[in-house]
Novice: 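Take a look at this one; I'll ask things after.
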Amino acid sequence: MILLHETFQIVHGGLDEFEEAYWNEVAPKVRAIDGIEPLWFLRQRTGIEGEFAIALTALRSGEDLGTYTRWISGREGAAWRAGSQRLTRAFQRKALLAAPWSPFNEWEELAPALESRGDGRRIFMEDTGWPYVSVADYVDFQRREYWEPLQKWASSGAAVVKLWGFFLVAPGSGHRPEAIFLQEVMSDSALERLIGEPEVYDPDSFPGSYMVQGLTYRDQWRSRLMVASQPRD
């Protein structure tokens with residue numbers, strides 16, 4: 001399965017109009033194509049990056065990616081291209097592949113995401129890292145130092161985030177090695193604990209050890225908080 005990741009930087013005040021256009025003009029048309037499923041539209045109103053949105057679309061295969069590309073760039077997608085150009089200042093599209101140990105690896109695993117889309121207000125964290133070591137070493141580090149401790153937290157009922165997937169930019173669709181965590185914050189109070197300054201920061205225990213050791217694998221890290229908009233079915 002491929003996760004198509006489209007980032008739109010929106011002109012000031014245009015985010016609501018852009019979101020409505022996406023759900024009305026893009027999502028229903030590509031959803032009608034077998035092998036393509038719009039999943040989430042994530043939006044951010046404030047922050048130093050301005051107003052922007054991320055559209056995440058599941059594609060069953062590379063052939064379906066080609067179908068999507070032909071639709072969006074052809075005559076059928078012309079109206080959407082014209083409207084979105086008026087409302088955006090910048091745009092980027094990336095194809096993502098899940099790491100071998102990551103959830104959300106197969107097309108058959110879409111059901112939980114589709115079933116949860118209409119659940120009230122939802123906050124997502126998108127964490128992106130750019131490793132300067134080999135991608136294989138970085139993927140193994142994330143499995144060992146983040147995914148496995150997170151699983152232990154979940155089994156004890158202490159997890160504050162749900163990891164939907166850990167993705168790598170497909171070869172040929174990015175400027176440099178890049179890896180993206182897509183996580184959902186499970187509660188507002190959990191979010192406050194997550195971004196607050198801990199009273200005791202222990203670099204030898206999780207999560208302190210993860211953040212300290214991460215510096216030996218990556219030279220840049222970006223974290224975004226996004227709100228999932230309600231899908232229009």
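Position 1 is the first residue of the sequence, and the numbers go up from there. Computed over heavy atoms, backbone and side chain alike; hydrogens, waters and symmetry mates excluded.
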Novice: Verify side chain to side chain contact (heavy atoms under 4.5 Å, CB included) between L96 and V169, making sure each step is shown before the conclusion.
Specialist: CA-CA 5 Å; L96 306 180; V169 175; 3.8 Å; yes

Novice: Rounded to the nearest 0.5 Å, what separates atom OG in S229 from atom CH2 in W23?
Specialist: 5.0 Å

Novice: To the nearest 0.5 Å, how far apart are OG in S102 and CH2 in W147?
Specialist: 7.0 Å

Novice: Between E126 and I180, is there a donor-acceptor pair closer than 3.5 Å when you use the side chain of the first and the backbone of the second?
Specialist: no

Novice: Please lay out, stage by stage, how E37 and M1 fare under the test side chain to side chain contact (heavy atoms under 4.5 Å, CB included).
Specialist: CA-CA 11 Å; E37 184 62 54; M1 185 181 73; over 6 Å; no

Novice: Between F166 and Y138, how do the two ring planes meet: parallel, tilted or perpendicular, split at 30° and 60°?
Specialist: tilted

Novice: Test T57 against L39 for side chain to side chain contact (heavy atoms under 4.5 Å, CB included), laying out the working first.
Specialist: CA-CA 5 Å; T57 306; L39 294 178; over 6 Å; no

Novice: Is any side-chain heavy atom of L15 closer than 4.5 Å to one of F52?
Specialist: no

Novice: Please give me the minimum heavy-atom distance between V135 and P177, naming the atom from each residue.
Specialist: CG2-CB, 3.7 Å

Novice: Cut-off 3.5 Å, side chains only: do D137 and S134 have a donor facing an acceptor?
Specialist: yes

Novice: According to the salt bridge (Lys or Arg N to Asp or Glu O under 4.0 Å) rule, which pairs have a member within residues 159-169, sequence neighbours left out?
Specialist: none

Novice: With sequence neighbours left out, write down each residue that passes salt bridge (charged side-chain N to carboxylate O under 4.0 Å, His left out) with D127, or none if nothing qualifies.
Specialist: none

Novice: Are W130 and V133 joined in one hydrophobic group, where the rule is that I, L, V, M, F, W and Y side chains link up if heavy atoms are under 4.5 Å apart?
Specialist: no

Novice: Indicate the atoms forming the closest heavy-atom contact of L182 with F167, along with that distance.
Specialist: CB-CE1, 4.1 Å

Novice: Could you pull out the closest heavy-atom pair between P103 and A98, with the gap in Å?
Specialist: O-CB, 4.2 Å

Novice: Report the C-alpha separation of L225 and M125 in whole Å, then their side-chain angles, then the decisive distance to 0.1 Å, and conclude whether the side chain to side chain contact (heavy atoms under 4.5 Å, CB included) test is met.
Specialist: CA-CA 5 Å; L225 285 176; M125 292 181 64; 3.3 Å; yes

Novice: Just to verify, what does R81 make a salt bridge (charged side-chain N to carboxylate O under 4.0 Å, His left out) with, not counting sequence neighbours?
Specialist: none

Novice: Salt bridge (charged side-chain N to carboxylate O under 4.0 Å, His left out) with R60: which residues, sequence neighbours excluded?
Specialist: D34, D64

Novice: Show the nearest heavy-atom pair for residues I10 and A53, with the distance to one decimal.
Specialist: CG1-N, 4.3 Å

Novice: Between L168 and A179, what is the shortest heavy-atom contact and its length?
Specialist: CD2-CB, 3.7 Å

Novice: Measure the spacing between CD of E76 and CD of E25 and express it to the nearest 0.5 Å.
Specialist: 13.5 Å

Novice: Under the rule for salt bridge (charged side-chain N to carboxylate O under 4.0 Å, His left out), what residues qualify as partners of E109, not counting sequence neighbours?
Specialist: none

Novice: Check the pair Y146, F181 against ring-ring contact (aromatic ring centres under 6.0 Å, His included), reporting the backbone distance first and the verdict last.
Specialist: CA-CA 11 Å; Y146 190 78; F181 274 111; 4.9 Å; yes

Novice: Which value, rounded to the nearest 0.5 Å, describes the distance between I72 atom CD1 and S84 atom OG?
Specialist: 7.5 Å

Novice: Show the numbers, then the answer: is there a ring-ring contact (aromatic ring centres under 6.0 Å, His included) between F18 and W80?
Specialist: CA-CA 10 Å; F18 185 88; W80 163 248; 5.2 Å; yes

Novice: What do you reckon, are the aromatic ring centroids of F141 and W101 less than 6.0 Å apart?
Specialist: no

Novice: With R144, which residues qualify under side-chain hydrogen bond (donor to acceptor under 3.5 Å, both in side chains), at least two apart?
Specialist: D140, Y217

Novice: Could you see if V227 belongs to whatever hydrophobic cluster contains F124? Use Ile, Leu, Val, Met, Phe, Trp, Tyr and a side-chain cutoff under 4.5 Å.
Specialist: no

Novice: Quick one: closest heavy-atom pair of A55 and F8, and the distance?
Specialist: CB-CE1, 4.1 Å

Novice: What is the distance from atom CH2 of W40 to atom CG of L56, rounded to the nearest 0.5 Å?
Specialist: 7.0 Å

Novice: For the atom pair CD1 (I54) and CD (Q44), what is the distance rounded to the nearest 0.5 Å?
Specialist: 8.5 Å

